[in-house]
Amino acid sequence: MKTRDEALALDAADPLAPLRDQFTIPEGLIYLDGNSLGVMPKATAARVQQVVTQEWGTGLIGSWNSAGWMELAPRIGDKIARLVGAGAGECVAADSTSVNLFKVLSAALSIARADAPQRTRIVSERSNFPTDLYIAEALAAERGLQLVLADTPEALPALLDERCAVLMLTHVNYRTGRMHDMAALSQAAHAAGALALWDLAHSAGAVPVDLRGSGADFAIGCGYKYLNGGPGAPAFVWVAPKHAERFWQPLAGWMGHAAPFEFTEGYRPAPGIRRYLCGTPAVLSLAALECGVDTVLAAEPHGGLPALRAKSLALTRAFTDLVETHCAGFGLTLASPRDDAQRGSQVCFAHPTHGYAMVQALIARGVVGDFRAPDILRFGFTPLYLRHVDVWDAVEHLRQMLQREEWREARFNQRAAVT
């Protein structure tokens with residue numbers, strides 16, 4: 001893609017182009033932040049209003065039965081399972097990624113150490129998303145274990161030995177977009193006698209994932225990024241069937257009980273994945289999440305995730321090439337892998353001093369990305385609604401902003417709470 005006309009021609013021939021009509025996208029906005037918060041589906045507002053005015057407003061408490069509120073978590077979980085290579089009845093939508101990570105990491109540690117108490121290590125990488133490391137750090141301290149971090153992805157295999165209980169990784173790195181080989185690393189963990197736990201926050205709905213085929217043991221993921229579930233949308237949790245009933249998860253709440261409305265004195269965990277539920281479902285948020293998940297499933301007649309992946313790679317390759325061609329000489333260096341097999345659905349560039357201000361100046365031009373400390377300009381590509389012409393126009397805005405040094409304006413250098 002060397003000209004804007006070529007970009008427009010690619011869009012005209014794009015079989016996924018009709019999927020963009022599912023979303024509410026402000027006029028003139030180029031949104032490259034779907035890896036942080038997905039665009040709102042057009043169906044969401046009406047669906048949430050229906051839940052509020054009819055199911056809650058009129059049906060009131062009866063809607064737990066008549067509107068199927070009690071089945072939202074497993075029903076949406078089954079839909080997400082189709083996007084991550086899992087089976088029906090293996091996934092539920094609930095809580096946050098952090099809470100779900102606490103659940104599955106606790107269970108994984110219990111399983112791994114039941115017959116091998118010498119396994120005292122959780123292995124991860126230093127560049128993993130901070131909340132994952134914080135949860136692991138807290139659990140390690142509570143249980144007298146050790147969190148061991150690899151400085152590079154290449155250093156991970158050497159840490160998988162007889163001391164490792166759980167390998168805990170995010171499939172696509174949040175800062176760089178680098179994607180791990182899930183199957184190879186899960187196999188390496190198993191060869192060492194450890195379990196493999198995967199965070200799919202930057203994968204689900206963006207890249208093909210095969211949890212069962214890869215040999216993963218546990219997985220969690222985010223509902224508000226590529227699944228377009230809205231700010232603070234519930235997350236999801238998956239457990240390989242062979243592990244689901246081996247241990248209680250630590251948050252043994254009433255919704256994870258085998259019969260919540262028996263109100264018995266003792267806890268009796270539900271069979272399978274339902275024991276990983278905890279408290280009362282967030283009905284409004286789950287309704288919005290289902291609308292978002294449905295936008296991704298709408299790609300199935302158009303080739304599904306493989307087609308989305310192919311378009312994502314084309315968009316990210318084009319963006320990288322155009323930035324390096326048209327924005328050379330301004331101190332930007334590519335921080336994401338060039339190799340398609342190692343890149344998720346985002347492209348990141350680093351700038352040693354002014355990355356934050358550059359992102360803010362771009363946002364003022366209507367090109368929305370985000371900044372990740374200390375130096376990353378991060379751009380997410382959601383092929384459901386992004387076009388090739390958006391890529392071309394975004395790079396042109398970036399070129400103009402850099403040439404005119406708009407980032408120097410004081411307003412772009414004032415740090416906001418969210419970057």
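If you're wondering where the values come from, they're calculated on a predicted model, not measured in any experiment.
- Environment of CG in L60: crowded, with over 12 heavy atoms of neighbouring residues, nucleotides or ligands closer than 6.0 Å.
- By the neighbour-count criterion of 12 heavy atoms within 6.0 Å, atom OH of Y267 is densely surrounded, having more than that number from other residues, nucleotides or ligands.
- Using modelled atom types, one finds no donor on one side chain facing an acceptor on the other under 3.5 Å when comparing H326 with R399.
- Evaluation of the salt bridge (charged side-chain N to carboxylate O under 4.0 Å, His left out) rule for K225 yields no partner, not counting sequence neighbours.
- Among pairs with a residue in residues 377-388, those fulfilling salt bridge (charged side-chain N to carboxylate O under 4.0 Å, His left out) read D370-R378, R387-D390, at least two apart in sequence or across chains.
- The 12-atom threshold is not exceeded at NZ of K2, counting heavy atoms of other residues, nucleotides or ligands nearer than 6.0 Å.
- For residues 53-73, the set of pairs meeting the salt bridge (charged side-chain N to carboxylate O under 4.0 Å, His left out) definition, not counting sequence neighbours, comprises R47-E55, E71-R274.
- Residues N35 and H202 bring no donor and acceptor atom of their side chains to less than 3.5 Å of each other.
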Take R4 and E396 through the salt bridge (Lys or Arg N to Asp or Glu O under 4.0 Å) test and state the conclusion after the steps.
-> CA-CA 10 Å; R4 194 173 192 274; E396 178 60 17; over 6 Å; no
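- Each salt bridge (charged side-chain N to carboxylate O under 4.0 Å, His left out) pair with one or both residues in residues 100-109, not counting sequence neighbours, appears once here: D95-K103.
- In this view, S110 and R143, F247 satisfy the side-chain contact (heavy atoms from CB on, under 4.5 Å) rule, not counting sequence neighbours.
- Evaluation of the salt bridge (charged side-chain N to carboxylate O under 4.0 Å, His left out) test over residues 56-65, restricted to residues two or more places apart or in two chains, returns none.
- Looking at residues two or more places apart in sequence or on another chain, you find a side-chain contact (heavy atoms from CB on, under 4.5 Å) between F371 and Y356, V359, A373, R415, T419.
- Screening residues 13-47 for ring-ring contact (aromatic ring centres under 6.0 Å, His included) gives F23-Y385 as the qualifying pairs, with residues at least two apart or on separate chains.
- Applying the ring-ring contact (aromatic ring centres under 6.0 Å, His included) test to residues at least two apart or on different chains, the pairs with a partner in residues 218-238 are F218-H243.
- Contacts of E154 classified as side-chain contact (heavy atoms from CB on, under 4.5 Å), with partners at least two apart in sequence or in another chain: T152, R178.
- A search for side-chain contact (heavy atoms from CB on, under 4.5 Å) contacts involving E245 returns P271, R275, not counting sequence neighbours.
- Between Y174 and F129, the two ring planes are perpendicular [angle over 60°; tilted spans 30° to 60°].
- Using a cut-off of 4.0 Å between Lys/Arg side-chain N and Asp/Glu carboxylate O, R75 and D78 are scored as not salt-bridged.
- Pairs passing the ring-ring contact (aromatic ring centres under 6.0 Å, His included) check and including a residue from residues 32-63, sequence neighbours excluded, do not occur.
- If you check the side chains of S98 and T131, you find a donor sitting under 3.5 Å from an acceptor.
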